[in-house]
Amino acid sequence: MNIKRFSLFTFFALATSASVYAQTSAQHTSTFPAPRKSYIETLSEPNRWVDSVFNKLSKRQRAAQMFFVRALTNSTKAYEDSIANVIKKEKIGGLVFFQGGPGRQAILTNKYQAVSKVPLLITADGEWGLGMRLDSTISYPYQMALGAVQDNNLIYKMGLEVAKDFKRIGMHMNLAPDVDVNNNPNNPVINYRSFGENKYNVATKAGAYMKGMQDGGLLVSIKHFPGHGDTDVDSHYDLPLLTFTKERLDSLEIYPFRELITQGASGVMIAHMNIPSLDNSPNMPSTLSKPIVTGLLKEELAFKGLIISDAMEMKGVVKYFKDGEADVMGIIAGNDILELSENSARAVKLLRKAVRSGRISMDRIDSSVKKILLAKYWAGLNVRDTLDESNVAAEVNRPESKALVQQLADASMTLVHGRGFIKTLNKDKRTVIISIGTPKVTTFQKELGSHYKNSVFYTLDKNANANAIAKVIRELGLFDQVIIGIHDSRTRPGNGMALSADLKMFIKDMSQKNAVFALFGNPYNLSQWAGLEQSKALLVAYQKEDFMQKSAASVLKNQLIATGRLPVTVNKFFKYGNGL
């Protein structure tokens, strides 16, 4: 990590920072960082920098520290300048970066930090790394694929690499990992973002990822408390209703949160869900519920770290609480940080009004502000830095990170059945390699073609009709071996992968013959293709990306032994834990 360090404001450069920041910097050069105190461990310690900054803030400025606004680097210059103006005028606490590129973000971060009196805490959603939001960056496998991996040390290493990437472009907190237990196959918003349906597997995998990031000097925010895995409504568009008992929630959904809080999670993000068993107030989102945020999370689970709301502009929270009322209620409930308020300036005014009326105490606000300032100190913001704006893209696309992506893909390969049959595949036999769901020859086909020299490729687009399929079927008798890849071409591999009725029939027919199948998509899709359970071999590869196609090809070339296990149950044929 190449950063030029110099003090811009001596007000912030207190002597207490030196040893802590040296520790932080040293972590970049070690695969397994030297131990340092976690953010949670520092909460009970006096901190001169925090006190000094806090004491110089007015009441309005303290309240503003609790608000984080959206930043982009793929928008207009006018938009970028408007955010700079918000930073200068409102003196907000931080930013949540979304779309753009790493080099542009480093430049803009320098600009924004330079105009902020108190250093900004900068965050983003990086469940699978920077690639979740930014172009020209690395995307690690989705958490559903990682749920299949049996070597958790690989996931820990991923956390370390993600921490390096975030810090290289000036970010201090990853709004990840997702620790929701996805026990509803029809979940429209979590699904492939979850490590799966088993609470123990979710907690273990999320714990490894979290530990890697925190050991790498990055704050985290486990989400979406108290558990968004068993919903069939997307809280971006409406308020999900959970009718489960507190006992059920406590034993299942809350389990990973409890475990990771015990392990020292620095932050928890609150979901927008209506849960009558925890708070029976009409249409009450969990984000705005004091019984849930303060009563359950802070008191029952004894969480001391940062509490972050999910985006406050989402319909799940503002549908019933409009005109800034949701912001005030979110603070009263116990949130420390409200991200993406509809109007942060209005929210601060309403919050000050609530203090004057006695609806909320200033002590309540002050406690959150001190936690936020301590997070900034822990992240090294007590010393003002300017990011080196050169070679950013190269330094967040390190060879070791790319190698780790392939290792994780290899480790996720899940052979549901047919290991013995795969061993009979012969590279000298006449082989037909078919890709379904895409009009173009795939990486999967090319990788296999380099091994099976006497091979032919066919592609069948997702809308292929009976005539197109018949042309392929007429040629199959010329071949000794058939390998079929089913490819989801969508960016986000959810349920409901669309294939024509004729293709579904083709899959069923080929399942009765000596065909080997590989699915490059969400395993939940297996439920819609009757007959696959009878196929000679079935490999689940989870995603469409090239690294998954290369891993799958390695398995079918008998160069890689698949060790992954299904992280979810699809139906009676494909169950959690299946894998040879």
Side-chain angles (χ1 to χ4, degrees), residues 57-72 79 82-96 98 116 118 120-121 123 175 221 223-225 234-240 268-275 279 281-294 297 306-369 371-372:
L57 297 177
S58 67
K59 290 181 179 180
R60 189 193 65 79
Q61 291 168 346
R62 293 177 197 173
Q65 282 292 302
M66 304 174 75
F67 292 88
F68 285 38
V69 303
R70 182 190 305 270
L72 306 167
Y79 181 85
S82 72
I83 298 303
N85 188 54
V86 167
I87 293 167
K88 287 188 289 186
K89 185 176 179 180
E90 298 181 26
K91 298 179 173 52
I92 55 170
L95 302 173
V96 185
F98 284 82
S116 182
V118 177
L120 298 161
L121 189 71
T123 72
L175 302 175
S221 176
K223 61 189 184 185
H224 306 80
F225 185 84
D234 186 340
S235 52
H236 289 85
Y237 307 110
D238 208 341
L239 180 63
V268 172
M269 179 182 286
I270 311 295
H272 305 314
M273 298 184 298
N274 181 232
I275 314 173
D279 187 338
S281 305
N283 301 316
M284 179 62 70
S286 42
T287 338
L288 312 186
S289 168
K290 190 170 184 178
I292 293 175
V293 180
T294 294
L297 180 58
L306 288 169
I307 301 175
I308 303 107
S309 76
D310 206 343
M312 295 297 290
E313 63 190 10
M314 291 163 59
K315 299 302 181 185
V317 69
V318 298
K319 180 177 180 179
Y320 298 104
F321 300 91
K322 302 180 183 298
D323 302 323
E325 174 63 10
D327 295 310
V328 176
M329 291 178 64
I331 302 300
I332 292 172
N335 291 279
D336 299 306
I337 294 170
L338 296 188
E339 61 158 355
L340 312 186
S341 165
E342 289 183 307
N343 186 325
S344 54
R346 177 185 66 186
V348 170
K349 289 179 182 178
L350 291 174
L351 198 55
R352 294 190 67 201
K353 181 179 178 181
V355 171
R356 290 193 295 269
S357 68
R359 191 178 174 195
I360 185 172
S361 72
M362 200 64 211
D363 286 344
R364 161 71 197 89
I365 293 172
D366 289 349
S367 66
S368 288
V369 175
K371 286 163 67 175
I372 293 166

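Just so you know, residue 1 is the first one in the sequence shown, and it goes up from there.
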Inset, instruction - Quick one: closest heavy-atom pair of E313 and E342, and the distance? - result: CA-CG, 4.1 Å
Legend entry - Heavy-atom side-chain proximity of S221 to L306 below 4.5 angstrom: no
Can you give each donor-acceptor pair under 3.5 Å made by side-chain atoms of residues 85-94, sequence neighbours left out, with the distance rounded to 0.1 Å?
unit_1, atom_1, unit_2, atom_2, d
E90, OE1, S344, OG, 2.6
E90, OE1, A345, N, 3.4
K91, NZ, K88, O, 3.0

Legend entry - Distance (rounded to the nearest 0.5 Å) between T123 OG1 and I308 CD1: 8.5 Å
Legend entry - Within-4.5 Å side-chain heavy-atom neighbours: M284 and I292: no
Inset, instruction - Using modelled atom types only, decide if a donor and an acceptor are shared between the side chain of N274 and the backbone of P285 within a distance under 3.5 Å. - result: no
Inset, instruction - Check whether any side-chain heavy atom of K353 sits under 4.5 Å from a side-chain heavy atom of R356, and report yes or no. - result: yes
Legend entry - Any side-chain heavy-atom pair of M312 and V318 under 4.5 Å: no
Inset, instruction - Would you give the length of the straight line joining atom CD1 of I270 to atom CD of E339, rounded to the nearest 0.5 angstrom? - result: 11.5 Å
Legend entry - Short side-chain to backbone donor-acceptor contact, T294 and P291, under 3.5 Å: no
Inset, instruction - Report, as yes or no, whether the 6.0 Å neighbourhood of atom OH on Y79 holds more than 12 heavy atoms from other residues, nucleotides or ligands. - result: yes
Donor-acceptor pairs under 3.5 Å, side chain of residues 323-336 to any protein atom, not counting sequence neighbours: which ones?
unit_1, atom_1, unit_2, atom_2, d
E325, OE1, R359, NH1, 3.3
E325, OE2, R359, NH2, 2.5
D327, OD1, S341, OG, 3.3
D327, OD2, S341, OG, 3.1
N335, ND2, T287, O, 2.8
N335, ND2, G330, O, 2.9
D336, OD1, S368, OG, 2.5
D336, OD1, K371, NZ, 3.4
D336, OD2, I307, N, 2.8
D336, OD2, K371, NZ, 2.8

Inset, instruction - May I ask you to test the L340-R70 pair for a side-chain heavy-atom distance under 4.5 Å? - result: yes
Inset, instruction - Look up atom OG in S309 and atom NE2 in H224, then write down how far apart they are to the nearest 0.5 Å. - result: 11.0 Å
Legend entry - Side-chain donor/acceptor of H272 to backbone N/O of A311, under 3.5 Å: yes
Inset, instruction - For residues K315 and L239, determine if any side-chain heavy atom of one lies less than 4.5 Å from a side-chain heavy atom of the other. - result: no
Legend entry - Euclidean distance, R62 CZ relative to L351 CG, rounded to 0.5 Å: 12.5 Å
